Amino acid sequence: MTPDESQPEYLIDALATRHRSATLTYAQSRDNKIAGPGGQMLPLSCPESMRMTHWMRYMHDAILVGVGTVSADDPQLNTRHLPLTSDKQRSPRPVVLDTLLVTSTGCRLLLNYRTSAGRQPLFYHSKDAPDDRREALSAAGAEMVAMPLLNGHISMHAVLDDLDQRGYHSVMIEGGAKIIASCLAAPNLLDRIIVTVSPSIVGQGIEVEDISCNGAYERSRSDLALGVDTISFYKPI
Ligand SMILES: NC(=O)C1=CN([C@@H]2O[C@H](COP(=O)(O)OP(=O)(O)OC[C@H]3O[C@@H](n4cnc5c(N)ncnc54)[C@H](O)[C@@H]3O)[C@@H](O)[C@H]2O)C=CC1
Ligand SMILES: Nc1nc(O)c(N)c(N[C@@H]2O[C@H](COP(=O)(O)O)[C@@H](O)[C@H]2O)n1
């Protein structure tokens, strides 16, 4: 089953992939916040840009978040805002970076998989993660992949390489703040960055870097107005 509307042309162009392609994308306020105080999830995207985000999910093989995002938001990472996508395979494979395997076995990603409402989540973790956590998450439905750590973190390049070898060539990276910072710090990792900028001012909250001030990326096309939001597209220089 496919959505009853065609994929937006600007996304087909913006997501044109080569081998092993990574898109970093998230929603932020005008003052660069992606969440409220204490990591509280914020409804930043307007309905039109949220729909675009779900189109992006639909157009990638896998979707990656950090464990901080799973703990704070309990996300589903599916394409439910698109019409007629009851075929769960139309959603990208969920991927979680969880160094010490602290994810709750009751999280929605695992619950959806156990109830046949979502794809099996893939968890990347440290080889030193506790055995009992690995066993618990595995029993709850997660597929587990142990990785060596680089400066205390799982290497983003190693994860994308591993996903590529598993057949997940295009990966949409949604956050959160630490994952975004790691991606921006890793040379030659990202093929593109697509940021939804809401007109809201959040004040206190979790902040991300202003990409337009990052010397490694430049605008790849002019901004797009979607509802009340602005979508900004960047590519590596
Ligand atoms: N507005 C938006 O579009 C989005 C907002 N968020 C927000 O972000 C917040 C969560 O962000 P964070 O707490 O920073 O957690 P996070 O989601 O960035 O996860 C960070 C954790 O991932 C693990 N990790 C493994 N390898 C890593 C690597 N190479 N680099 C970084 N982390 C690695 C570590 O355990 C680390 O503590 C939540 O409040 C959530 O609401 C998350 C996604 C999108
Ligand atoms: N595009 C976008 N706009 C917002 O306003 C958001 N708060 C987010 N958050 C991201 O989406 C995840 C939730 O996904 P589900 O709705 O549960 O499928 C959340 O964890 C963030 O990654 N994104």
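All ligand and atom numbering here is 1-based and tracks the order in the structure. Because only heavy atoms are used, hydrogens play no part in the values below, and waters and symmetry mates are left out as well, while side chains stay in. A quick note: this is a predicted structure, and the numbers were derived from the prediction, not measured.
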Under-4.0 Å heavy-atom contact with ligand 2, by part of R80 that carries it:
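Side chain only.
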Just let me know how P43 lines up against ligand 2, side chain, backbone, both or neither, with a heavy-atom cut-off below 4.0 Å.
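For P43, the contact with ligand 2 is made by the backbone alone.
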Going by heavy atoms, is D73 under 4.0 Å from ligand 1?
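D73 counts as a contact of ligand 1 under the 4.0 Å cut-off.
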If the contact criterion is a heavy-atom separation under 4.0 Å, does D98 count as touching ligand 1?
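No, D98 has no heavy atoms under 4.0 Å from ligand 1.
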[X] neighbourhood, listing ligand 1 atoms whose heavy-atom distance to it stays under 4.0 Å:
X    : result
A35  : 39 (O), 41 (O)
A27  : 1 (N), 2 (C), 3 (O)
G39  : 38 (C), 39 (O), 41 (O)
T99  : 23 (C), 24 (N), 25 (C), 34 (C), 35 (O)
A177 : 8 (O), 11 (O), 12 (P), 14 (O), 18 (O)

Do R108 side-chain atoms and D74 backbone N/O form a donor-acceptor pair below 3.5 Å?
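Flag set: sc R108 to bb D74 pair under 3.5 Å.
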Verify, without hydrogens or angle tests, whether T69 (side chain) and V65 (backbone) share a donor-acceptor contact under 3.5 angstrom.
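Side chain of T69 to backbone of V65: no pair is present.
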Which is closest to [atom] in terms of heavy atoms, [options]?
atom                    : options              : value
atom 22 (O) of ligand 1 : T103, I206, L97      : L97
atom 7 (C) of ligand 1  : L100, L101, T25, I34 : I34
atom 30 (N) of ligand 1 : P43, S182, S198      : S182
atom 19 (C) of ligand 2 : I194, N78, D73, V195 : D73

Go through the structure and list residues passing side chain to side chain contact (heavy atoms under 4.5 Å, CB included) with H153, not counting sequence neighbours.
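Counting only residues at least two positions away or on another chain, H153 forms a side chain to side chain contact (heavy atoms under 4.5 Å, CB included) with S182.
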Would you check, one step at a time, whether the test side-chain contact (heavy atoms from CB on, under 4.5 Å) holds for N112 with Q76?
CA-CA 8 Å; N112 282 353; Q76 302 195 69; 2.9 Å; yes
Output yes when the distance from some N or O of ligand 2 to some N or O of [X] is under 3.5 Å, and no in every other case.
X    : result
V65  : no
M41  : no
R108 : no

How far is [atom] from its nearest protein heavy atom, and which residue and atom is that?
atom                    : result
atom 14 (O) of ligand 1 : K178 N, 2.8 Å
atom 7 (N) of ligand 2  : L42 O, 2.8 Å
atom 3 (N) of ligand 2  : S45 OG, 2.6 Å
atom 13 (C) of ligand 2 : P75 CB, 3.7 Å
atom 19 (O) of ligand 1 : G68 N, 3.2 Å
atom 42 (C) of ligand 1 : T69 OG1, 3.2 Å

Of all the heavy atoms in [X], does at least one lie under 4.0 Å from an atom in ligand 2?
X    : value
G175 : no
T69  : yes
R57  : yes

For I154, is at least one N or O under 3.5 Å away from an N or O on ligand 1?
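Among all N and O atoms of I154, at least one is under 3.5 Å from an N or O of ligand 1.
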Indicate the ring-plane relationship of Y10 and F233, choosing parallel, tilted or perpendicular according to the 30° and 60° boundaries.
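Taking F233 first and then Y10, their aromatic rings stand perpendicular (interplane angle over 60°).
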Taking 4.0 Å as the limit for heavy-atom contacts, which would you say applies to E174 with ligand 1: side chain only, backbone only, both, or neither?
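E174 to ligand 1: backbone contact only, side chain stays beyond 4.0 Å.
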